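Numbers restart at 1 for each chain; the letters A, B, ... are given by sequence-line order, proteins then strands. Bear in mind the structure is a predicted one, so any value in this text is a computation, not a measurement.
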There are 2 protein chains.
Amino acid sequence: MSPQAVKARKGEETRAQILDAAVQQASEAGFESLTIGTLAGRTGLSKSGLFAHFGSRTELQVAALDEAARRFTEAVFLPAFKAPRGVKRLRALFGNWITWPEHAHLRGGCPIHAASAEYDDQPGPMRDAVVERQRLVARELGKAVRMAMDNGELRADADPRQFVFEMLGLILAFYHAKRVLGDEGATGLAFSGFDRLVDAHRAPAAKTATRTAAARR
Amino acid sequence: MSPQAVKARKGEETRAQILDAAVQQASEAGFESLTIGTLAGRTGLSKSGLFAHFGSRTELQVAALDEAARRFTEAVFLPAFKAPRGVKRLRALFGNWITWPEHAHLRGGCPIHAASAEYDDQPGPMRDAVVERQRLVARELGKAVRMAMDNGELRADADPRQFVFEMLGLILAFYHAKRVLGDEGATGLAFSGFDRLVDAHRAPAAKTATRTAAARR
DNA sequence: ACAGAAAACGAACGGTCGTTCTATTATTTC
DNA sequence: GAAATAATAGAACGACCGTTCGTTTTCTGT
C-alpha cells in the first residue's frame with residue numbers, strides 16, 4: 001500500500017507517541033514526574049495498555065532519556081558537522097546547543113540537563129544512563145576542540161578539557177539565566193562569553209588569517 | 001534558669017531538626033522527594049506530628065528551601081565579607097561557593113542548584129521562592145563585581161552582568177563536572193577559569209591608559 | 001476470509017501519598 | 001503543683017502509585 005513499504009508495526013508507532021509525550025513531560029517537570037497514569041491519560045491509552053510497552057516504569061524513564069538524547073544529537077551535533085572543522089564548528093555547536101530546546105518544541109528546557117540534576121546523586125539505571133550520555137557528549141566536544149587546535153585556530157598548547165569545561169559552563173549559565181532569572185539578554189551574554197573563550201585560546205596567528213574576534217553581532 | 005534565658009520552645013527545636021533532615025534529603029534527591037512519611041520516619045516523629053509543624057507539604061518544602069538559603073548565605077557570603085573588597089573578595093566568594101555543599105555536610109550537592117533545576121518550569125510557591133533567591137544572589141554578586149571596578153582592579157568599562165554570568169557558569173560547570181562526570185580535576189579547572197575571567201576584565205595595570213582588550217596574553 | 005499474533009483494555013492488588021480529626025501526652029505558666 | 005497550652009500520636013479518608021492478570025479488540029500474514 002504505502003510506497004515505501006517500510007511499515008512499522010502498530011505497536012512501535014504508539015510507542016513513539018508515548019515517548020514523544022514523555023520527553024515533553026520530562027522537559028517540563030523532570031523524569032521523576034513520568035508516571036504511568038498521567039502519561040496514559042495524556043496519550044489516550046489505558047494504564048495497562050501503556051505499561052505493556054515497557055516492562056516497568058524505570059524502563060520507560062530510560063527510554064524517554066534515550067529518545068531525548070537522540071533528539072539532542074540530531075539537533076545539536078549532526079547539523080554542526082556540516083560546518084567546517086575548527087572554531088566555526090565549535091560556534092555552531094554552541095549556537096545549536098543553547099537553542100535546541102525551543103527548536104525541538106520543548107517548552108520546559110533541555111531534558112538532559114534536567115536529568116543530570118535529578119539523578120546526580122541517586123544510584124540506579126537512570127543515573128548510569130545520564131552519566132554515560134554526558135561523558136560521551138564531553139568526549140565528542142573535546143574532539144571538536146582538538147580539531148580546532150590541529151587547525152591552528154586554537155593554540156597548540158591549549159587544554160581541551162579546560163575549553164570544554166568553560167564552554168559547558170557558558171551553556172549552563174545560559175539555561176540558568178534564561179529559565180530561572182528570566183534574563184532576555186542571556187543569548188548575548190552567552191555569545192560574548194564564547195567569543196572571549198575562543199579568543200583566550202586562539203593561536204597568535206600573526207593577526208592575519210582568521211581574525212574575527214569580537215566584531216560579530 | 002539558663003544563663004541566657006533565651007530558651008526556645010520545644011516545638012521550634014524539633015522543627016529545626018525536621019528542617020535539618022529535610023535539607024539533607026533535598027540535597028540528595030531534590031525537594032520533590034520531601035514527603036511527610038519518609039521525613040517522619042527519618043526524624044522519629046509520627047506523620048501527623050510532623051505535619052503539624054507546617055500547614056502543608058508545600059510549606060514544608062518552602063521552609064526547607066529557606067533553611068538551605070540561610071546556610072548558603074552563612075557559608076558563602078558572610079565569610080567572604082571578611083576579605084577586602086575587590087578581586088580578593090570575588091575569589092573568596094568563588095571558592096566558598098564551590099566548596100560549601102561538602103563544608104555543610106550536604107553529600108548530595110547544592111540544594112539551591114537542585115531546586116533551580118526542579119522548579120524552573122513549574123509555577124507555584126517553590127518556583128517563586130527559587131527565583132527570588134537567585135535574583136538576590138545575582139544582585140549581591142553584581143555588587144561585589146562593581147566594588148572591584150570601583151577599586152580599579154577591574155576595568156571601569158567592564159560589564160558586571162557579563163562577569164556574573166560567566167562566574168555563575170564556572171560554578172555550574174564545576175558542580176556538573178564533579179557530580180555528574182566525576183571529574184576530580186574540576187577544582188583546578190574551575191579556578192583556572194576564574195583566573196582567566198578576572199584577567200580578561202582586569203584593568204591594564206600601569207601601561208597605557210585604557211586598552212580595550214584583545215592583545216593581552 | 002480466517003487463523004494466529006499483537007495490542008489495548010478493565011478491574012483489582014497492596015502501598016504510599018497528603019491531609020483531617022480526635023485523643024493523649026509533654027511542656028510551659030502561674 | 002494545678003491549670004492552661006503546646007506538642008505529638010494514632011487511626012482513618014480518598015486519591016494515586018506501579019504492577020498483575022484475564023479478557024477483548026485490533027491488526028497482520030496468508
Side-chain angles (χ1 to χ4, degrees), chain A residues 1-22 25-26 28-65 118-119 122-126, chain B residues 1-22 25-26 28-65 118-119 122-127 129:
Chain A
M1 200 77 182
S2 100
Q4 308 288 6
V6 187
K7 181 61 170 303
R9 295 273 221 62
K10 170 97 190 304
E12 300 181 21
E13 197 170 296
T14 68
R15 191 188 141 104
Q17 287 176 243
I18 296 170
L19 287 180
D20 186 60
Q25 165 92 12
E28 292 171 18
F31 287 81
E32 271 318 292
S33 82
L34 295 180
T35 83
I36 308 285
T38 61
L39 220 45
R42 201 180 259 230
T43 52
L45 289 174
S46 65
K47 274 184 16 169
S48 52
L50 186 144
F51 184 86
H53 284 273
F54 315 87
S56 70
R57 184 199 176 213
T58 303
E59 284 187 41
L60 160 64
Q61 290 173 309
V62 172
L65 180 62
E118 268 182 288
Y119 299 104
Q122 300 198 88
M126 278 302 276
Chain B
M1 200 104 193
S2 96
Q4 308 287 8
V6 188
K7 179 62 169 302
R9 296 273 222 64
K10 170 97 190 304
E12 300 180 22
E13 197 171 296
T14 70
R15 190 189 141 105
Q17 288 175 242
I18 296 170
L19 287 181
D20 186 60
Q25 164 92 13
E28 292 170 19
F31 287 81
E32 270 320 291
S33 83
L34 294 180
T35 84
I36 308 285
T38 61
L39 220 45
R42 199 180 261 230
T43 53
L45 289 174
S46 67
K47 272 177 37 168
S48 54
L50 186 145
F51 184 87
H53 285 273
F54 315 86
S56 69
R57 185 199 175 213
T58 303
E59 284 186 42
L60 160 65
Q61 290 173 309
V62 172
L65 180 62
E118 269 182 288
Y119 299 103
Q122 300 197 90
M126 278 301 276
R127 199 199 121 90

Looking only at side-chain N and O atoms, does [X] come under 4.0 Å of OP1 or OP2 in [N]?
X: B:Thr14; N: D:dT8; value: yes
X: B:Lys10; N: D:dT5; value: no
X: A:His53; N: C:dA6; value: no

Taking atom types as modelled, is there a side-chain donor on B:Gln25 or B:Ser33 under 3.5 Å from an acceptor on the other? yes
Is B:Ala52 touching bases, backbone alone, or none of the nucleic acid, heavy atoms closer than 4.0 Å? base
Contact list for DNA chain C against residues 37-48 of chain B - heavy-atom distance below 4.0 Å: B:Gly37, B:Thr38, B:Lys47, B:Ser48
Distance in Å, [X] [atom1] paired with [Y] [atom2], rounded so as to fall on 0.5 Å steps:
X: A:Phe31; Y: A:Gln61; atom1: CZ; atom2: CD; value: 8.5 Å
X: B:Glu118; Y: A:Glu32; atom1: CD; atom2: CD; value: 9.5 Å
X: B:Leu45; Y: B:Phe51; atom1: CG; atom2: CZ; value: 14.0 Å
X: A:Thr43; Y: A:Leu39; atom1: OG1; atom2: CG; value: 5.5 Å
X: A:Leu60; Y: A:His53; atom1: CG; atom2: NE2; value: 11.0 Å

How large an angle, rounded to 10°, do the end axes of the helix from C:dA1-D:dT30 to C:dC30-D:dG1 enclose when each is built from five base pairs? 30°
